[in-house]
Structure formats: structure tokens, C-alpha cells
**Student:** 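Okay, handing you the structure first.
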Amino acid sequence: MQPNADSLVILDFETTGLSPDNGDRAIEIGAVRIENGKVTEQFQELMNPGFGISDFIANYTGITNEMLSGAAPCDQVMKRFADFLGDDNLVAHNASFDKRFLDAELNRISCQYRGEFACSLLLARRLYQQAPNHKLGTLVQFKDILASGNFHRALFDAQMTAKLWLAMLEDISIQSGLSEVPFTLIQKLSKTPKQQVSTFLASC
DNA sequence: TGCCAGGCCCTCTTTAGGGCCTT
């Protein structure tokens with residue numbers, strides 16, 4: 001069975017650090033589902049990793065140990081997220097980071113997923129080569145996307161990534177002439193050398 | 001004891017190094 005081609009889940013993790021291989025865990029997951037170019041559902045939960053988070057992470061995210069003390073453990077939250085995700089494909093900003101944590105947390109509960117990842121960072125680096133940088137917040141500003149909330153919280157970052165994603169789909173549609181932009185085309189474009197992006201889109 | 005991420009991508013590259021992104 002193939003992943004669901006009509007529906008996409010855009011997700012973001014807040015975590016205790018950068019590497020699940022070094023013992024870091026997820027502390028919050030936020031996600032939105034996009035169907036036919038519109039956000040139709042959202043998911044957000046804090047999760048208790050079972051140990052205290054550093055001052056750096058608390059300051060960076062605004063998530064405190066007190067907030068996490070009342071949260072459900074990671075395994076319960078990730079099971080609910082796996083149910084939410086279903087067979088959809090996935091998008092994240094710097095997807096290699098979120099994929100590592102998704103794989104690590106789902107492995108702990110012996111849970112699989114079928115969807116494939118696309119990366120909004122890799123796509124933005126190709127589409128918006130003139131942007132000052134390709135951080136999520138910078139790209140939201142660069143594309144004049146309305147942003148009212150706190151970056152570095154999972155749901156808000158997922159919502160902003162979703163808006164950026166839809167803006168990129170529109171730009172791809174304009175440049176390629178395609179009325180619908182297949183997920184597989186986006187994955188190919190994300191691996192196309194930057195100098196060949198215009199040629200790639202013109203040949204669609 | 002000391003160390004501590006990983007993938008992508010560029011370049012003064014490929015027998016390598018360093019910046020960008022994510023927390």
C-alpha cells in the first residue's frame with residue numbers, strides 16, 4: 001500500500017537536544033494536516049521525557065520542567081501521534097532532524113509509519129536562493145507570511161512551515177505551469193542542483 | 001579522561017574542511 005497521496009502531515013518536534021543517539025528525547029510535537037491545499041486538522045501535545053530539561057532548552061522553547069511534569073509520557077503521546085499520522089507523507093523544516101526523532105520515538109513503541117519525508121529547508125534553498133538565510137523565521141518574513149505566535153513551539157512552527165510549504169507549492173506551480181504539484185516532483189526538485197532549478201521547473 | 005549530531009552543500013574539493021539548519 002502506498003502512502004496517501006492526497007494528504008500531507010507537516011510536523012515539528014521540540015526536544016531536549018540535537019541527537020536521539022546521545023539520549024535526547026522529544027518534549028513536544030506539533031503537526032498540521034494539509035488536504036487539497038488547506039489545513040484541515042492539527043495535533044499538539046507536550047510529552048514528559050522522564051528527566052529534567054536544560055535551562056538552554058527551557059529558554060529556547062519556553063517549555064519548562066513544571067509544564068512537562070504534568071504531561072503524558074512520550075510513549076503515550078507518540079502512539080496518539082502515530083494514529084493521527086496514518087499513512088500520510090510528511091514534511092518538516094530540516095526534515096533530517098525531525099525524522100531522526102520520529103524514528104527514535106516510534107522505535108521505542110515498536111510503531112511503524114509508511115509516509116515519506118520531504119524537507120521545506122532543502123526546497124526553500126532552491127526556490128529562494130536570494131533569501132538572507134533559510135531559517136524558518138526568516139523565510140516566513142521573506143514570503144510576507146502572517147505570523148502571530150511563538151517560534152520554537154511545535155504547533156506554531158508546524159503551522160508556519162505549512163504556510164511556507166503552500167507558498168512554495170504556489171511558486172512551483174507558477175514556474176512550472178503545473179496546476180497540481182506531485183509530492184514526487186517536490187522530492188526530485190529538493191535534490192536538484194541549485195543551478196539547474198529553473199531548467200528543471202521549465203521542463204515539467 | 002575527554003569527547004559529545006547529522007545531513008546537505010559549497011569550495012581555495014574529491015587523500016577535506018567548514019557553514020548552514022534543526023533543539
Side-chain angles (χ1 to χ4, degrees), chain A residues 9-32 43-68 71 74 77-78 81 89-108 115-143 145 147 149-165 167-168 186-200:
Chain A
V9 166
I10 299 186
L11 82 161
D12 183 72
F13 278 109
E14 304 307 318
T15 70
T16 64
L18 293 172
S19 174
D21 291 340
N22 280 356
D24 288 319
R25 299 294 303 273
I27 56 173
E28 187 182 42
I29 185 166
V32 300
F43 182 101
Q44 184 274 326
E45 281 201 57
L46 290 169
M47 57 187 114
N48 189 334
F51 56 89
I53 62 172
S54 67
D55 289 344
F56 173 81
I57 294 298
N59 290 328
Y60 187 80
T61 63
I63 297 169
T64 64
N65 281 309
E66 185 179 8
M67 292 162 68
L68 293 175
C74 295
V77 175
M78 291 309 299
F81 178 73
N89 285 322
L90 302 106
V91 168
H93 199 67
N94 198 10
S96 67
F97 174 85
D98 292 281
K99 183 178 186 300
R100 280 201 306 278
F101 276 94
L102 181 66
D103 290 350
E105 293 295 346
L106 290 184
N107 276 339
R108 285 173 172 269
E116 295 184 12
F117 266 91
C119 177
S120 56
L121 169 64
L122 295 183
L123 193 57
R125 279 179 174 161
R126 284 157 178 80
L127 291 178
Y128 308 133
Q129 297 181 31
Q130 70 278 35
N133 60 58
H134 298 88
K135 296 176 183 176
L136 179 59
T138 302
L139 289 166
V140 164
Q141 194 170 29
F142 182 73
K143 291 300 294 177
I145 293 168
N150 296 320
F151 282 104
H152 307 306
R153 285 301 300 267
L155 180 58
F156 186 74
D157 281 4
Q159 290 169 332
M160 291 301 102
T161 304
K163 289 186 177 182
L164 174 65
W165 186 257
M168 290 196 290
I186 294 171
Q187 289 178 308
K188 285 182 185 174
L189 181 55
S190 298
K191 296 177 182 175
T192 299
K194 288 181 182 176
Q195 303 85 346
Q196 298 173 22
V197 168
S198 297
T199 306
F200 178 92

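Here is the naming used below: chain letters follow the sequence lines, and residue numbers restart at 1 for every chain.
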**Student:** Just call it for A:Ile27: base, sugar-phosphate, or nothing, with non-hydrogen atoms closer than 4.0 Å on any strand.
**Tutor:**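 Nothing: the residue A:Ile27, judged by heavy atoms under 4.0 Å, touches no strand.
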
**Student:** Indicate whether any N or O donor in one side chain lies under 3.5 Å from an N or O acceptor in the other, for A:Ser120 and A:His93.
**Tutor:** yes

**Student:** If you look at every strand shown and take non-hydrogen atoms under 4.0 Å, does A:Thr16 touch a base, only sugar-phosphate, or nothing?
**Tutor:** nothing

**Student:** From C-beta outward on A:Ile57, which listed nucleotide comes closest to its side chain: B:dC9, B:dC21, B:dT23?
**Tutor:** B:dT23

**Student:** Scan A:Phe56 against the nucleic acid and name what it touches under 4.0 Å (heavy atoms): base, sugar-phosphate only, or nothing.
**Tutor:** base

**Student:** Check whether the side chains of A:Thr16 and A:Asp24 place a donor and an acceptor atom closer than 3.5 Å, and report yes or no.
**Tutor:**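 Per modelled atom types, A:Thr16 and A:Asp24 side chains form a pair under 3.5 Å.
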
**Student:** Verify the contact: side-chain N or O of A:His152 to OP1 or OP2 of B:dT23, cut-off strictly under 4.0 Å; return yes or no.
**Tutor:**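 For B:dT23, OP1 or OP2 has a side-chain N or O of A:His152 closer than 4.0 Å.
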
**Student:** Find the distance A:Arg100:CZ to B:dC8:C1' and express it as a whole number of Å.
**Tutor:**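 Taking CZ of A:Arg100 and C1' of B:dC8, I get 12 Å after rounding.
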
**Student:** Is there any protein nitrogen or oxygen under 3.5 Å from a nitrogen or oxygen in nucleotides 18-20 of chain B, and what are the pairs?
**Tutor:**
unit_1, atom_1, unit_2, atom_2, d
B:dC20, O2, A:Arg125, NH2, 3.4

**Student:** CZ of A:Phe13 to CG of A:Asp157: how many Å apart, nearest 0.5 Å?
**Tutor:**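 Between A:Phe13 CZ and A:Asp157 CG, I get 13.0 Å after rounding to 0.5 Å.
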
**Student:** Looking at residues 17-25 of chain A, who's got a heavy atom less than 4.0 Å off DNA chain B?
**Tutor:** A:Gly17, A:Leu18, A:Ser19, A:Asp21, A:Asn22

**Student:** Determine, for A:Glu105 against A:Arg25, whether the closest basic-nitrogen to carboxylate-oxygen distance falls under 4.0 angstrom.
**Tutor:**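 Salt bridge flag = yes for A:Arg25 with A:Glu105.
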
